[in-house]
Amino acid sequence: MSSPTSTPVGSKPSSDGLASPPSQRRRGQDSSNGDLPAMPTSPATDIASPAVHDTSLFSSPRRSVLPSEVDMSSPLIGVRGTPVRQRPDLGSARKAPQVDLHTELPSADGAVASEQAAGQKLVIWGTDVNVGTCKEKFQRFLQRFIDPTSNEDENAGLDLNEPLYMQKLEEISVIGEPVLNVNCSHVQSFDADLYRQLISYPQEVIPTFDMAVNELFFERFPDSILEHQIQVRPYNALKTRNMRSLNPEDIDQMITISGMVIRTSQLIPEMQEAFFQCQVCAFSTRVEVDRGRIAEPAVCRNCNTTHSLALIHNRSAFSDKQMIKVQESPDDMPAGQTPHTTIVYAHNDLVDKVQPGDRINITGIYRAVPMRENPRQSTVKSVYKTHIDVIHFRKTDEKRLHGLDEDSDQKLFTEERVQTLKELAAKPDVYERLSSALAPSIYEQEDIKKGILLQLFGGTRKDFSQTGRGNFRAEVNILLCGDPGTSKSQLLQYVFNLVPRGQYTSGKGSSAVGLTAYVMKDPETKQLVLQTGALVLSDNGICCIDEFDKMSDSTRSVLHEVMEQQTLSIAKAGIICQLNARTSVLAAANPVESQWNPKKTTIENIQLPHTLLSRFDLIFLMLDPQDEAYDRRLAHHLVALYYQSEEQIEEEFLDMAVLKDYIAYARTYINPRLNEEASQALIEAYVDMRKIGSGRGMVSAYPRQLESLIRLAEAHAKVRFSDKVETVDVEEAKRLHREALKQSATDPRTGFVDISILTTGMSATARKRKEEVAQALKKMIQSRGKIPAMKYQQLFDDLRGQSEAAITKDMFEEALRALADEDYLTVTGKTVRLL
Amino acid sequence: MRMWFICRFCCPAAQSNSNPEWEAKVLEYFKGQLKEKESHSWVPSLNDVPLHYLKPNSLVKFRCLVQDMFDPEFYMGVYETVDPSTKANVLRCGKYKDVTECGVDLNSRNTVTAERQTFYCVPIPGESPWAKEISFLSAARVVPSTSYVPSRQKRSYEEDDDDMDTQPQKQREPHTGTHQAEPHGNGDSKRQETEAPSSQTTTPSDCSSHLDLNFPLPGERGPACLVKVYEGLDSFKLNDTLEIYGILSVNPVLTVLGEEKDPSLLLLNPTESMETPEEQRAHDPPASLVPRLHMLYARPLQHNNPLLPSAPTEDQSAFVSSFLVEMASVRAELLAYLTHVLLGDGLAAEYLLLHLISDVYTRRDVLPLGKFTLNLSGCPLNSYTERLYQIVQQLVPCSYRLSMSLHTMNSMRLVPKKDYVANRLVSGALQLARNTSLFLDETQLEQGQLDSSGVRNITALGNLISWQKVDYDFSYHQMEFPCNINVLVTSEGRSLLPSDCQVPLQPQVTPPNMEEYLTTIHMAQFTSQINKFRVYLSLARTLDYSISDEVTKAVEDDFVDMRKDDPQSVTAEDLHRMLVVARLLSLSLGQTTLSRDGWMRAKHIDMLRRSRTEQQKSLNGNEP
């Protein structure tokens with residue numbers, strides 16, 4: 001035996017001294033395992049002649065140890081004739097155990113050494129994996145593992161109190177898709193040691209798992225016919241890292257990273273097995289590709305002719321391979337640095353599973369390959385090329401389209417962090433604290449900040465789709481309007497920076513397409529792809545729209561659907577779909593006349609359709625209050641802003657990071673429900689609101705307002721980390737709602753709060769006035785007797801002369817329209833005809 | 001004391017034992033040496049010395065901006081090889097090197113894999129010619145003529161030939177034209193030399209046509225460099241300006257490796273084909289054009305003004321305190337100078353001065369504090385703005401004039417964009433170093449239609465001015481990079497871009513020949529005087545500043561009073577601006593605290609400015 005095994009064994013004593021724990025293995029050990037798929041000419045071929053290498057490579061070590069435990073491939077082939085499919089994702093996995101078994105254990109490896117003392121155990125060379133034990137453990141895991149608290153969508157429809165993976169095997173037997181996805185955290189909770197082995201030696205352990213699962217499967221379902229044998233695909237290795245933290249220690253280990261696909265290559269056929277035929281006697285032989293190389297047989301074994309064998313391409317076996325470039329997702333990156341990219345190889349059926357733009361979690365084996373040595377060059381670049389061989393893909397944004405709640409987004413909080421957050425939540429003034437921590441550079445505007453705070457938390461998501469009502473909106477929408485220069489934009493910028501999935505657009509620059517989605521032809525694949533716009537991108541986040549008033553009407557119209565139904569329907573270029581856009585909208589609008597006119601209503605000031613306005617839960621006016629005390633505080637605040645040192649600021653306000661975590665925690669873990677008292681309080685509040693108006697003969701509240709109240713109350717309960725919505729929450733919701741109404745829905749003519757300003761775009765008094773003018777006009781026309789037609793201008797002048805109140809042209813036209821609606825007259829150009 | 005030779009000793013000595021401590025020791029040593037007074041000026045700089053005069057594997061420095069950060073790479077920190085003479089296995093160190101020595105045993109278990117990252121660095125964009133020149137001259141002054149000048153000559157005439165014999169593959173510099181310039185005869189030829197490398201990297205079409213060196217600004221010259229970073233990867237950020245000390249590597253093997261491709265290998269090993277040609281070109285450009293620099297030590301630069309001591313040492317504080325005495329008088333002179341330049345408009349000159357020393361000193365959540373974008377409106381047409389820029393350029397170490405013509409706005413790339421094919425960040429004109437003066441010339445803007453890229457560019461400029469950030473385009477998402485750029489907008493009417501403060505220019509003189517007038521003013525200044533201005537502007541920016549409680553109170557009272565008189569005219573925004581003006585005004589006088597006087601002055605000039613804007617408004621009537 002002169003193959004790789006002998007060389008390492010020969011140098012054993014020295015290397016044992018160097019051998020470090022698996023996690024810190026050095027490069028040299030790994031490469032001598034012969035695991036790397038694309039290793040340049042290995043020393044084995046240099047030392048041994050190719051022919052010897054070829055024939056003796058697999059046989060001799062196998063004989064030296066117990067065959068039943070060693071041979072990993074034979075039981076696989078044996079099972080019911082189901083063909084084995086190679087796993088290029090594991091590299092030359094099938095070979096590793098065959099070559100690398102030996103009875104000696106590295107003495108430095110403490111954990112295994114004790115095992116050795118207990119009895120004769122065999123491990124795969126270079127690892128502490130005993131095939132038999134490992135297989136047994138995994139079978140036990142499959143048979144026994146139960147996760148009653150599982151809420152993964154993949155497990156939907158499974159009985160949580162039965163062994164999870166046995167059910168999955170059953171599923172495989174029914175569906176016939178021979179892939180078993182195994183959650184590594186399950187393995188870890190079941191057997192930490194097995195998990196460690198899986199992470200450290202995936203190349204050896206996963207084939208063992210494959211073997212175990214197939215034995216189990218065919219024992220249980222002997223009659224199943226599968227395309228090929230079941231392959232185990234572990235995912236969610238808890239050693240999840242972001243791309244940035246990958247380092248040389250992770251080489252050849254199993255890792256899970258997240259990122260975004262930026263490029264995919266064409267399919268690359270990769271030769272797995274070369275087919276050679278002798279030109280003389282037509283004797284054929286197959287040679288497996290070993291580490292990217294084919295050892296061409298020099299001598300035909302049949303006729304002993306040298307160099308007579310030729311490669312027959314179309315009888316060689318190829319497997320699919322695809323190169324995918326993945327970029328670090330923006331959330332993982334430290335500020336001020338550029339995102340890293342990693343090359344990923346997908347094999348066989350994982351090819352073409354992902355598209356550029358997808359956000360994915362990748363589980364795979366991290367590889368490093370030295371630069372190819374150039375025979376004509378005496379020196380080589382001392383750099384390795386790294387890539388990941390994918391075992392498992394998981395799209396993180398896929399679920400967003402399916403409408404299930406995202407758990408991939410769940411930020412993991414450390415114990416201490418949760419503790420600090422809870423301590424903070426227990427403080428009685430947490431609401432005030434948080435709201436003052438929000439955009440500290442913006443002065444006061446307490447209620448607005450509170451409103452935005454509640455928006456950040458959002459209500460509880462309720463699903464009534466079974467009763468046909470569909471989803472209730474849980475997101476709070478807020479509109480800020482007011483004088484220019486009242487730091488509205490700054491507030492928006494702050495919110496945009498605070499929430500993980502925020503989008504910031506300006507009404508001026510965005511089109512309906514940019515907000516929703518557009519269909520684009522991919523320049524490379526020529527496929528039509530759907531590019532999502534700001535509203536879809538901010539699903540589960542906040543979409544900040546500045547200069548809302550400057551948005552074109554067509555753009556604004558798409559907001560109608562988004563702001564109530566929380567979906568976006570798209571019918572473009574043959575793509576018809578409905579996307580989720582469960583986004584809160586925080587919009588800012590400037591008054592039309594550049595300065596807020598206190599004599600006009602909100603609608604008149606910002607000229608937005610009332611249909612849209614009524615979809616905002618809270619509408620705030622940001623006005624300059626103009627009183628001395630306020631000015632003084634403002635001045636103090638600003639001066640402090642400029643000249644306070646960093647530390648002082650920190651003392652005074654909550655850290656932005658804490659606030660972020662607090663919101664993220666509350667959003668994921670707290671789902672408050674109304675308790676009895678709170679519901680009563682809400683009912684009362686609503687009835688009260690209706691009553692106010694009924695006294696003056698108008699409707700002052702609509703169910704939409706009630707829904708708003710509920711959302712706000714829920715959000716406030718979330719701020720307190722409370723699972724119950726209580727009366728305090730309702731009180732605050734009421735107060736805030738009232739404050740906002742007081743600002744935005746006060747009828748400037750009467751001074752009363754009039755909700756119809758927002759719901760119909762006109763205050764009740766204005767409507768009454770309109771009615772009166774129309775009646776006066778009608779009376780005037782009637783008094784003239786039978787004239788079939790009259791001049792428009794003249795009629796207007798007459799009416800103006802007759803009426804004691806000033807009548808504007810708008811009012812006149814409205815009156816005409818009202819009469820036309822009554823079919824009393826028609827207006828054609830400059831003449832008015834009676835009917 | 002020639003450090004670039006030392007490192008040649010260090011490495012082989014350290015290679016024999018794989019003890020990691022030597023690395024720390026080497027770094028210590030170099031840092032220690034560089035701390036010594038003046039010692040850093042002994043190191044030749046890539047900025048000043050043409051590449052082919054520098055010895056490979058010697059210590060050099062490079063003053064640069066981090067333009068792009070490539071992915072981390074793993075390399076053989078220690079590898080085993082067979083010594084050709086003794087036939088014994090020896091361990092070699094791969095750190096600070098690009099290539100290994102022959103016959104690497106890839107399966108050796110002594111191989112240690114380590115990680116490093118590559119930064120793509122370019123010379124500081126928009127560095128003013130005077131700054132380049134001074135730094136070049138000072139370097140030449142310090143280096144004794146016996147040190148590297150002769151060796152350079154020797155190298156260019158003799159050693160090169162030797163190299164050719166021993167290493168046939170060593171690429172000879174293809175541009176023999178530069179050799180003709182007599183190296184180091186007198187001051188004049190030095191001048192020529194500084195330009196030599198630039199013409200060399202930009203003009204020869206055979207090399208550069210396919211190689212875009214990715215400078216942020218058009219027309220930039222100088223060496224770009226791939227810097228290999230070993231330590232403290234997290235401490236570097238994109239767009240940092242650094243002075244990097246490192247080992248120069250121009251091994252021609254690098255180029256050959258990149259170009260050579262054996263198509264037969266590709267079938268079986270697609271690893272090689274993974275990189276697109278574009279990517280290869282961007283990441284492995286020929287070493288003769290883009291040298292590699294293995295970083296030993298990097299110093300973040302607060303400024304790139306060569307007239308000021310760069311490191312915050314005792315030196316500097318002594319320098320500062322000595323200059324503070326002069327501060328007020330220099331300010332007066334500078335103000336007079338600027339007044340002349342601005343056609344006798346003292347107020348505009350005052351504001352321009354404040355603008356030139358402004359700096360984003362901190363950020364409160366999203367709000368950058370201290371920025372002071374100035375809009376000089378009412379600028380005379382006909383190349384006045386161009387001349388004005390030239391004068392500003394003479395004063396600040398870094399500047400760029402963006403002529404906002406319709407064509408440039410529509411066609412120019414302002415925002416850097418990630419090119420996923422070549423896997424690099426394609427630079428744009430807004431990728432600038434901190435405190436660069438960006439001169440936006442809106443007088444060049446004519447009527448016409450902006451296309452979508454033009455709108456994007458204008459939006460980017462607006463964002464830059466309002467938030468001091470640039471959203472880099474990563475095609476699937478945008479990434480925000482904060483910046484610190486002084487933006488000066490010159491326009492006829494009020495600028496279409498936002499600004500912190502608008503000053504309508506009111507010329508007091510109308511010279512018949514503008515060119516002549518400005519040239520005369522400029523010529524009238526002695527270089528020593530100009531140098532004083534340069535020091536002044538850079539220094540005023542670095543001063544600390546505080547405000548006492550007492551003055552805080554006074555400011556608050558004042559604000560309340562002002563509001564009382566006329567709440568409409570004084571808003572929070574005005575207070576923001578006045579606070580910045582007060583800060584800059586104090587600093588411009590060398591005062592590090594705000595005094596009552598200072599506040600009153602700030603209020604006063606702001607009042608003057610406002611009345612002028614009002615006047616302008618009523619004059620034009622239709623001003624928005």
[X] portion near chain A, given a 4.5 angstrom heavy-atom threshold:
{"X": "B/Arg116", "value": "side chain"}
{"X": "B/Asp557", "value": "both"}
{"X": "B/Met69", "value": "both"}

*Is any side-chain N of the basic residue among B/Asp240 and B/Lys237 closer than 4.0 Å to the acidic one's carboxylate O?*
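No, no charged N to carboxylate O under 4.0 Å.
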*Just give me the residue among B/Asp558, B/Asn423, B/Val555, B/Thr459 that pairs up with chain A most often, heavy atom to heavy atom, under 4.5 Å.*
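Max contact count across the listed options: B/Asn423.
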*chain A: which of B/Phe236, B/Trp467, B/Phe70 shares the most heavy-atom pairs with it under 4.5 Å?*
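Between B/Phe236, B/Trp467, B/Phe70, the count favours B/Trp467.
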_Using 0.5 Å steps for rounding, measure from the CG atom of B/Asn484 to the NZ atom of B/Lys469._
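One gets 15.5 Å once the value is rounded to the nearest 0.5 Å.
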*asked:* Once rounded to the nearest 0.5 Å, what's the spacing between atom CG of A/Asp250 and atom CZ of A/Arg367?
replied: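 Interatomic distance, A/Asp250 CG to A/Arg367 CZ, rounded to 0.5 Å: 13.0 Å.
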*Measuring heavy-atom distances to chain B, does A/Val495 have an atom under 4.5 Å in its side chain, in its backbone, in both, or in neither?*
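Looking at A/Val495, nothing touches chain B.
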*Tell me, side chain or backbone of A/Thr341 under 4.5 Å from chain B's heavy atoms, or both, or neither?*
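A/Thr341 touches chain B through backbone and side-chain heavy atoms alike.
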*asked:* With salt bridge (Lys or Arg N to Asp or Glu O under 4.0 Å) as the criterion, how do B/Glu73 and B/Lys228 come out once you've worked through the C-alpha distance, each side chain's angles and the decisive distance to 0.1 Å?
replied: CA-CA 10 Å; B/Glu73 60 186 22; B/Lys228 308 276 180 182; 3.2 Å; yes
_Over 60° means perpendicular and under 30° means parallel, so tell me whether A/Tyr366 and B/Phe74 are parallel, tilted or perpendicular._
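Answer is perpendicular, since the angle exceeds 60°.
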*NZ or CZ of B/Lys418 within 45° of B/Phe474 ring axis and under 6.0 Å*: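 Not flagged: B/Lys418 not positioned over aromatic ring of B/Phe474.
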